[in-house]
Amino acid sequence: MATDSMKFKTVATFNSRVEADIVVARLQDSGIPAGVFGADSSYPSLNFAKPIEVKVNEDDYEAALKILSEKV
């Protein structure tokens, strides 16, 4: 998913790593590479100051928003 020329855009933010992982799985199941950013603490309670972001490649941004706007 990462090369120097790729740019990433945030499609969702969460306070919970579990919620972010669910969204990443949903996007990946739809063929869109996605990743979790900002969930680097081994102490989940310390993430309150920094939201956990789900990011996709800039080229996949619109498609990802469409998928996330659809009801499950």
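Quick caveat: nothing in here was measured; it's all calculated off a predicted structure. In what follows, every heavy atom counts, from backbone to side chain, and hydrogens, waters and symmetry copies are set aside.
Atom CG in Leu27 sits 4.5 Å away from atom CG in Leu68 (nearest 0.5 Å). In this structure, CD in Glu19 is found 12.5 Å from CZ in Arg17, a value given to the nearest 0.5 Å.
Closest of all the heavy-atom pairs between Ala20 and Ile52 is CB-CG2, 3.7 Å. In terms of heavy-atom proximity, Asp60 sits nearest to Pro33 at OD2-CD, 3.7 Å. The minimum heavy-atom distance linking Arg26 with Glu70 is given by the pair NH2-O, 2.6 Å.
Partner Thr13 forms a side chain to side chain contact (heavy atoms under 4.5 Å, CB included) with one of Asn15, Thr10, Val11 and no other, that one being Thr10.
Under the 4.5 Å side-chain criterion, counting only non-hydrogen atoms from C-beta, Phe37 is not in contact with Val54.
Taken together through direct or relayed side-chain contacts under 4.5 Å among Ile, Leu, Val, Met, Phe, Trp and Tyr, Ile22 and Val36 form parts of separate hydrophobic clusters.
Partners of Asp59 under the salt bridge (Lys or Arg N to Asp or Glu O under 4.0 Å) rule, at least two apart in sequence or in another chain, do not exist in this structure. Remark: Ser30 engages Ile67 in a side chain to side chain contact (heavy atoms under 4.5 Å, CB included) (not counting sequence neighbours).
For the pair Lys55 and Phe8, the NZ or CZ position fails the cation-pi test of under 6.0 Å to the six-membered ring centre and within 45 degrees of the ring normal.
A donor-acceptor contact shorter than 3.5 Å is absent between the side chain of Glu53 and the backbone of Ala12. Using modelled atom types, one side-chain atom of Ser16 and one backbone atom of Val18 make a donor-acceptor pair closer than 3.5 Å.
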* To do: Decide yes or no on salt bridge (charged side-chain N to carboxylate O under 4.0 Å, His left out) for Glu62 and Lys66, but give the supporting numbers first.
  => CA-CA 6 Å; Glu62 294 299 327; Lys66 185 174 187 284; over 6 Å; no
